[in-house]
Amino acid sequence: MARLTPLHEAVSDIIQNGDTVALEGFTHLIPHAAGHEIIRQGKTDLTLVRMTPDLIYDQIIGSGCASKLIFSWGGNPGVGSLHRFRDAIEQGWPRPLAYEEHSHAALANAYVAGASNLPFAVLRGYTGSDLPKVNPNIRFIECPFTGEKLAAIPSIRPDVTVIHAQKADRRGNVLLWGIVGVQKEAVLAAKRAIVTVEEVVDELDAPPNACVLPRWAVAAVCHVPGGAYPSYAQDYYERDNRFYQAWDAISRSREAFTAWIDRHVRNTADFEEFKRVFAETTKSKEAV
Amino acid sequence: MARLTPLHEAVSDIIQNGDTVALEGFTHLIPHAAGHEIIRQGKTDLTLVRMTPDLIYDQIIGSGCASKLIFSWGGNPGVGSLHRFRDAIEQGWPRPLAYEEHSHAALANAYVAGASNLPFAVLRGYTGSDLPKVNPNIRFIECPFTGEKLAAIPSIRPDVTVIHAQKADRRGNVLLWGIVGVQKEAVLAAKRAIVTVEEVVDELDAPPNACVLPRWAVAAVCHVPGGAYPSYAQDYYERDNRFYQAWDAISRSREAFTAWIDRHVRNTADFEEFKRVFAETTKSKEAV
Amino acid sequence: MDALKTNTGVLEFTATEIMTVAASRLLKDGTVCFVGIGLPSTAANLARLTHAPDVVLIYESGPIGAKPTVLPLSIGDGELALTADTVVSTPEIFRYWLQGGRIDVGFLGAAQVDRFANINTTVIGDYANPKVRLPGAGGAPEIASQAKEVFIVLKQSTKAFVNKLPFITSAGYLDGGDAREKAGIPGKGPAAVITDLGILTPDPVTRELTLTSVHPGVTVEQVKAATGWDLKVSPDLTTTAVPQSHELEALRDLLAHTAKAHGQSAGGEG
Amino acid sequence: MDALKTNTGVLEFTATEIMTVAASRLLKDGTVCFVGIGLPSTAANLARLTHAPDVVLIYESGPIGAKPTVLPLSIGDGELALTADTVVSTPEIFRYWLQGGRIDVGFLGAAQVDRFANINTTVIGDYANPKVRLPGAGGAPEIASQAKEVFIVLKQSTKAFVNKLPFITSAGYLDGGDAREKAGIPGKGPAAVITDLGILTPDPVTRELTLTSVHPGVTVEQVKAATGWDLKVSPDLTTTAVPQSHELEALRDLLAHTAKAHGQSAGGEG
């Protein structure tokens, strides 16, 4: 049953060191504020799952919170490489990062299987690809009726899934819309879920057949306006493409990255303070 | 690509004798007008698929159009038995009806597998039930990762799926809402789909993430206002519960059934004439 | 059976009424309940309208958190969609919500049950040559196996309560003892069978259905006579608490609204 | 490469522009196209804005029938959702629409391709000890195998066009000949690789990528020099038709709108 709670409490109570954690959001509604809180609280040994480990995972990985990553596309969309992700994989900094690599179709199916409480997902996929050669969690099974060969991968069942949504009502029911990605599946595949939201309202006023997560399917709802920034929240604010570009320079060196994370995340009390500090540093940079 | 076409043309062109045909709709949006047109055109040897063969299949089966039925619950909801369905199964009238019987969960999964172009569906199910003893299409497979035993059934891939929806636009894009059941999956699992709609509009005005079937996923869209009657179309008209009750008496004897079908379906030109005749017979009956 | 009237103080109620009230009381507030149509739906909605305002009612057609003001006649009535927190597809209901392990209570009706609370809704007689062809499985096999626990509500008679079922549609405790666990069925199984005569619960060891409560004015002999096996009676047999006036009022209001809206009162899948 | 300018009558265009225009022309009107981000998205939207107004653009994040007026920077831009016929979940996109067999054309970019049009977007060097770690598979393996046919668009160089890939992320024709069919891959495979120098298409028998068209002003030797294997040249080699003014105008307008909206012009998954 959802508690409406501050984000630091939710992350502190619900995410344990060593947990398998999925922060999902496909370009849209990426839970950056929650990612920062994970860094701020110095969580360690996390197995991170995410189809598209972009800036949010670059930050968490670079901060040393993760020991393993399960993913299907790791890049800074429209910009280039994720330097912290590559540094962890290629050089083991700040700690070695094990990784398990899939295709988008496979991970999307693995979340569906997790939400469905099945141990594995079946898909037509991976044929001709070298990925099965390097990932022992890609296997092939036979259809018991036709004999056709199909790919199978383990379902994803995170200890905790974290998403960002547009609205919750005061009882903790959640509504999201637009590009909803794998968020519903990721929440229902997890043992516990944290949802940060733009707005807490009296009535959700959900359209018919909308993507609603009832309060009893969610552990905590946290009111964090702007919590997807620099990602976007449809009908609230747009993606800050400039920050995605700026991240390339910030993240290129270990020193610049660490300085940025210290100043904006580790040395801020919460997302509100992050926003203030970020506004200041951005302004002063633009003034230069 | 959807053609906007009269229903009799769609049924004539798209449904062939011997086809596997699914008419879906879970209480809501049941495509009765299309079912009548199948009877009117004397289609034969159909394999019918439907989770809940209710009045619509009682009528089609009683009219001798079907040789096989795949289903998971066959009854007149809230009233009792389907007499034509039982007569076909128990007495072979008007012709023997082979049947394959599943649970709702299994058929829903089989439609999902069909829409996903997979040959089979996997579910936790049927454990302890006698259904696998009488249905060789229920098998068990092992998870290639955990060894867990899971049920498997063949996917459903109808030649034709028929559904009723609230709206289409003039290009043939379809919108439905409310209880959407397995309709999207049934349409996408099929080789060809016919959609009857309450209304053809200039703009669908679909809410975000609504259940929309794009025109290129549908073979024909037919404007048939009231085409779900005596089922309902949310925001258009309510279910006629009295007709569901009346059907019990109409369908109890072969003679009364045949007289009703002849008068209302076989001897009417189309659904518009059905509605006129039905209004007359209903009025005269109430007058008695 | 409905003609049975019992005097308890000033209140009069029918056997169906006490069955429905007794069943409704088993639903705790906040429970997530997968609701079968007919008697289970009546009892679950009565619970929601009385002691369990936060019970979450899920119907297999797709509504989650339905709060109908009139009882649905069928499992996909518009009233369910219009009053729900959201409506999802039928595959999603079975995959993410039931199989996903998110249902506390499955509330089922049945045509027949046996001494180990297995359910038949498929056929009486031989499967290939049925004496009576029943509607079939519907959602029951997976509700019975995957809900954390199950309540079954049906009227008691020797036709309905049989020693051995001609066909097990949905698993209760199979052959009893730990047969259910051994078969790998995830949910705990039927916690109670609520009838118009009393309440039967499984013996903790043998899992045989045992009479643990009789409704006021009903004798143990009446219950045994309506059971197709030698029904065991709990040494701690109690008498079902009589329906309270607010329960009866809520139930009668609900049925009156339903009859007014529908012109009928029963219900079924479809 | 973009600095390359060719004079054809009055029109001037860059190598990237003719690559994009040539790619866009391959998309027929009414085609259902699964669009990769970056160059494929530019070409697909150019097709939609010129000769193929009814092309259906599907992005893996969920939009079906997207009609963006500015190019998406990432695969999940709000512009895609706001202009789409509908937005479904990412699992549904991959399950019902791509795997469901409803995609006519998969339009992909690549880091590297080999002579049989296999694609690498995973790693350069050894997988366990990468020289360069690329972003990974994304949607490509299943787009490459399940779309009825595939177009690949990327700039030509010996780094990108290699004889043998260090890693096959997404299947083209594997070892050539009927290897793809034998592997049981449903889609027909890459129909064309469109570069900034010309168009390569698979030999009908060997499936080896063969130069079938050079862009105006480009020599065969230039193309061979930019290819990491001994590139075969079709006996029916043609010269790519020059971009028409309405095509160039539409492309430049689109890029100008995009730059204005985003302050950048590339794109990626995520």
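- Heavy atoms closer than 4.5 Å to chain B are found in the side chain of C/Arg95, but not in its backbone.
- With a 4.5 angstrom heavy-atom cutoff, B/Ile89 touches chain C only via side-chain atoms.
- Looking at C/Pro141, the atoms closer than 4.5 Å to chain B (heavy atoms on both sides) all sit in the side chain, from C-beta outward.
- For the options B/Asp235, B/Val134, B/Val112, B/Val180, heavy-atom pairs under 4.5 Å to chain C are most numerous at B/Val134.
- Using modelled atom types, no side-chain atom of B/Asp130 and backbone atom of C/Phe167 make a donor-acceptor pair closer than 3.5 Å.
- By the 4.0 Å N-to-carboxylate-O rule, C/Glu79 lies too far from B/Arg239 to be salt-bridged with it.
- In this pair, B/Tyr99 and C/Tyr127 present their aromatic rings tilted. The plane angle is within the 30 to 60° band.
- For the pair C/Ile37 and B/Pro77, the minimum side-chain heavy-atom distance is 4.5 Å or more.
- With a 4.5 angstrom heavy-atom cutoff, B/Leu82 does not touch chain C via any of its atoms.
- When every heavy atom of B/Glu101 is checked against every heavy atom of C/Ala137, the shortest pair comes out as OE2-N, 4.4 Å.
- No other option in C/Gly62, C/Pro186, C/Pro91 has as many heavy-atom pairs under 4.5 Å with chain B as C/Pro91.
- For the pair C/Glu142 (side chain) and B/Tyr126 (backbone), a donor-acceptor distance under 3.5 Å is present.
- C/Gln99 places a side-chain N or O within 3.5 Å of a backbone atom of B/Arg124 that can act as its donor or acceptor partner.
- Side-chain contact, C/Ser145 with B/Thr127: no donor N or O sits under 3.5 Å from an acceptor N or O.
- Among all heavy-atom pairs drawn from C/Ser61 and B/Phe26, the shortest one is CB-CD2, 3.7 Å.
- With chain C as the partner, the residue from B/Gly80, B/Gly125, B/Pro53, B/Ser103 showing the most heavy-atom pairs under 4.5 Å is B/Ser103.
- Looking at C/Glu92, neither its backbone nor its side chain comes within 4.5 Å of chain B, counting heavy atoms on both sides.
- In terms of heavy atoms, C/Gly78 sits closest to B/Tyr232 at N-OH, 2.9 Å.
- The heavy-atom pair separating B/Glu90 from C/Pro130 by the smallest distance is CG-CG, 4.1 Å.
- Heavy-atom distances place no part of C/Asn120 under 4.5 Å from chain B, backbone and side chain included.
- Side chain of C/Ser89 to backbone of B/Val182: no donor-acceptor contact under 3.5 angstrom is found.
- When every heavy atom of C/Lys131 is checked against every heavy atom of B/Arg86, the shortest pair comes out as O-NH2, 4.5 Å.
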